[in-house]
Amino acid sequence: MKQTILITGVGKRIGYALAKHFIAQDINVIGTFRTHYPSIDELLELGADLYQCDLCQPAEIDDMLNRIKAQHQGLDCIIHNASDWHNDKTSADITSADIMTRMMNIHVSAPYQINLALADMLTASAGESVGSSNIIHITDYVAEKGSQKHIAYAASKAALHNMTLSFAAKLAPAVKVNSIAPAMILFNEGDDEAYKAKALAKAILPKEAGNSEIIELVDYLLASQYVTGRSYAVDGGRQLK
Ligand SMILES: NC(=O)C1=CN([C@@H]2O[C@H](COP(=O)(O)OP(=O)(O)OC[C@H]3O[C@@H](n4cnc5c(N)ncnc54)[C@H](OP(=O)(O)O)[C@@H]3O)[C@@H](O)[C@H]2O)C=CC1
Ligand SMILES: Nc1nc2c(c(=O)[nH]1)N=C([C@H](O)[C@@H](O)CO)CN2
């Protein structure tokens, strides 16, 4: 039976690259998106089953989950990629409490709600085989290090990794649960040369790593039958700087 993978945040960058990668491997891709970019129409054309959902709204998540369970018999992997890299700057429109709530909603509450709702599907798909289903939480290097300008974001990513530990114990042996903790994977539009130089200098391998570093690590984790409850750093050796 064809494998089925659910990826959150497939509209752009890493999530979009992951969706394209698995579609090319003839794997059924279920994706969530918030903004309807042209990439969404492309993924639909390629056969992806996509759901528009604001992952900060539990009722929208519930509705999406009910539709996924009605539409799909099997589920082999969930990749929690969707994320909001919000700094701690407050304004008239957003308080510090709003920022923390938003970070915890997208990076902790949504993965928690989705994992609990779909755990039985992951376990059923694994059958008797050990570790053949997977959950991957994409965290961040700052989950272990903290961040002076993204305190709420870093705290929420640390909480996401803590859920890796809990869900790994809860869902073994059918389901492996691991974190991927990236650092400098992709710059953003508008990042100027000064910012780029400063960001690259934070690692002993000064590189913008690119999507392939994440994709190849995801493939490794899916193929493994023995790694679970761990975090895999993709950070150019930042901890040694
Ligand atoms: N890029 C990098 O260098 C690094 C990335 N990471 C992590 O890797 C993952 C992918 O990174 P990257 O591709 O750069 O992420 P982006 O910030 O470029 O994209 C995140 C995706 O999540 C979606 N999203 C954000 N908020 C919500 C929401 N409330 N509801 C639904 N969808 C939402 C966005 O949708 P929309 O377009 O509508 O906003 C977007 O598709 C993230 O978890 C990130 O934290 C970690 C360290 C470094
Ligand atoms: N959701 C996102 N999270 C993060 C992003 C991003 O673009 N979207 N970017 C980074 C930076 O690359 C940072 O790692 C540079 O040091 C972190 N998280």
Side-chain angles (χ1 to χ4, degrees), residues 2-55 64 68 72 75-86 106-107 110-111 114 118 133-143 153 157 160-161 164 176-191 195-196 199-200 203 205-224 227 231-236 238:
K2 269 173 80 170
Q3 283 216 322
T4 299
I5 297 183
L6 166 61
I7 305 165
T8 64
V10 296
K12 63 182 180 181
R13 293 160 55 89
I14 295 173
Y16 167 71
L18 283 165
K20 291 283 291 278
H21 172 74
F22 289 118
I23 290 168
Q25 290 184 3
D26 196 27
I27 290 171
N28 293 321
V29 169
I30 305 169
T32 84
F33 68 98
R34 181 173 57 177
T35 305
H36 196 132
Y37 302 109
S39 59
I40 298 302
D41 298 316
E42 179 197 358
L43 293 174
L44 286 167
E45 275 294 305
L46 290 170
D49 183 25
L50 304 184
Y51 298 83
Q52 190 161 21
C53 176
D54 181 343
L55 295 172
M64 174 183 71
I68 288 172
H72 294 272
L75 181 66
D76 301 280
C77 177
I78 303 172
I79 302 176
H80 293 287
N81 164 79
S83 166
D84 184 356
W85 191 35
H86 205 290
I106 180 68
H107 298 136
I114 292 166
L118 300 180
S133 290
N134 289 271
I135 294 172
I136 294 175
H137 295 143
I138 301 187
T139 60
D140 188 309
Y141 166 77
V142 297
Y153 165 86
K157 288 287 193 170
L160 179 57
H161 176 64
T164 293
K176 305 195 308 291
V177 186
N178 291 288
S179 298
I180 292 178
M184 192 57 255
I185 307 301
L186 293 177
F187 286 115
N188 275 285
E189 276 176 41
D191 287 345
Y195 172 83
K196 288 181 179 178
L200 293 174
L205 301 180
K207 249 182 88 68
E208 180 189 21
N211 292 319
S212 61
E213 289 282 343
I214 302 297
I215 290 168
E216 287 160 21
L217 179 51
V218 170
D219 279 344
Y220 163 74
L221 291 173
L222 299 192
S224 167
V227 295
S231 178
Y232 293 82
V234 186
D235 61 16
R238 277 187 66 166

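Fair warning: this is a prediction, and the values are worked out from it, not measured in the lab.
Every residue two or more places apart in sequence or in another chain that forms a side-chain contact (heavy atoms from CB on, under 4.5 Å) with Ser212 is listed here: Glu216. Listed by chain and number, the residues in a side-chain hydrogen bond (donor to acceptor under 3.5 Å, both in side chains) with Asn134 are Lys176 (sequence neighbours excluded). A search for side-chain contact (heavy atoms from CB on, under 4.5 Å) contacts involving Ile215 returns Ala17, Leu18, His21, Asn211, Asp219, not counting sequence neighbours. By the side-chain contact (heavy atoms from CB on, under 4.5 Å) test, Asp76 is found to be paired with Gln3, Thr4, Ser125, residues two or more places apart in sequence or in another chain being considered. Judged as a side-chain contact (heavy atoms from CB on, under 4.5 Å), and not counting sequence neighbours, the contacts of Tyr37 are Lys12, Thr35, Ser39. In this structure, Phe22 has no ring pair (Phe, Tyr, Trp, His ring centres under 6.0 Å) partners at least two apart in sequence or on a different chain. Here Ser179 pairs with His161, Thr164 under the side-chain hydrogen bond (donor to acceptor under 3.5 Å, both in side chains) rule; sequence neighbours left out. The side-chain hydrogen bond (donor to acceptor under 3.5 Å, both in side chains) test applied to His80 returns Asn115, not counting sequence neighbours. Applying the side-chain hydrogen bond (donor to acceptor under 3.5 Å, both in side chains) criterion to Asn178, with sequence neighbours excluded, gives no partner residue. Listed by chain and residue number, Arg102 satisfy the salt bridge (charged side-chain N to carboxylate O under 4.0 Å, His left out) test with Asp84 (two or more places apart in sequence, or in another chain).
In this structure a side-chain-to-backbone donor-acceptor pair under 3.5 Å is present from Asn81 to Gly9. In terms of modelled atom types and a separation under 3.5 Å, the side chain of Arg13 and the main chain of Leu186 share a donor-acceptor contact. No donor-acceptor pair under 3.5 Å is formed between the side chain of Asp235 and the backbone N or O of Pro182.
Side-chain atoms of Ile135 and Leu118, non-hydrogen and from C-beta on, never get closer than 4.5 Å to each other. Contact of the Phe33 side chain with the Leu43 side chain is not registered, since no non-hydrogen atoms from C-beta on lie closer than 4.5 Å. In this structure, the side chains of Leu200 and Phe187 come closer than 4.5 Å at one or more pairs of heavy atoms. Annotation: side chain of Ile138 is not in contact with side chain of Ser83 (no heavy-atom distance under 4.5 Å). Counting heavy atoms from C-beta outward, Thr32 and Leu6 have side chains that approach closer than 4.5 Å. Contact of the His107 side chain with the Thr139 side chain is not registered, since no non-hydrogen atoms from C-beta on lie closer than 4.5 Å. Between Leu55 and Ile114, some side-chain heavy-atom pair lies under the 4.5 Å cut-off.
The shortest heavy-atom contact between Ala19 and Val10 is CB-CG1, 4.1 Å. Of all non-hydrogen atoms in Gly236 and Ala203, the two that sit nearest each other are O-CB, 3.4 Å.
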Which side-chain N or O atoms in residues 44-51 pair as donor and acceptor under 3.5 Å with protein atoms at least two apart or in another chain?
from: Asp49; atom 1: OD2; to: Tyr51; atom 2: OH; distance (Å): 2.6
from: Asp49; atom 1: OD2; to: His72; atom 2: NE2; distance (Å): 2.6

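The line from CD1 of Ile136 to CD1 of Ile180 is 5.0 Å long, rounded to the nearest 0.5 Å. Note: Ile78 CD1 to Ser133 OG = 9.5 Å, rounded to the nearest 0.5 Å. For the atom pair CG of Leu222 and CD of Gln25, the computed distance is 8.5 Å after rounding to the nearest 0.5 Å.
Evaluation of the salt bridge (Lys or Arg N to Asp or Glu O under 4.0 Å) test over residues 18-27, restricted to residues two or more places apart or in two chains, returns Lys2-Asp26, Lys20-Glu42.
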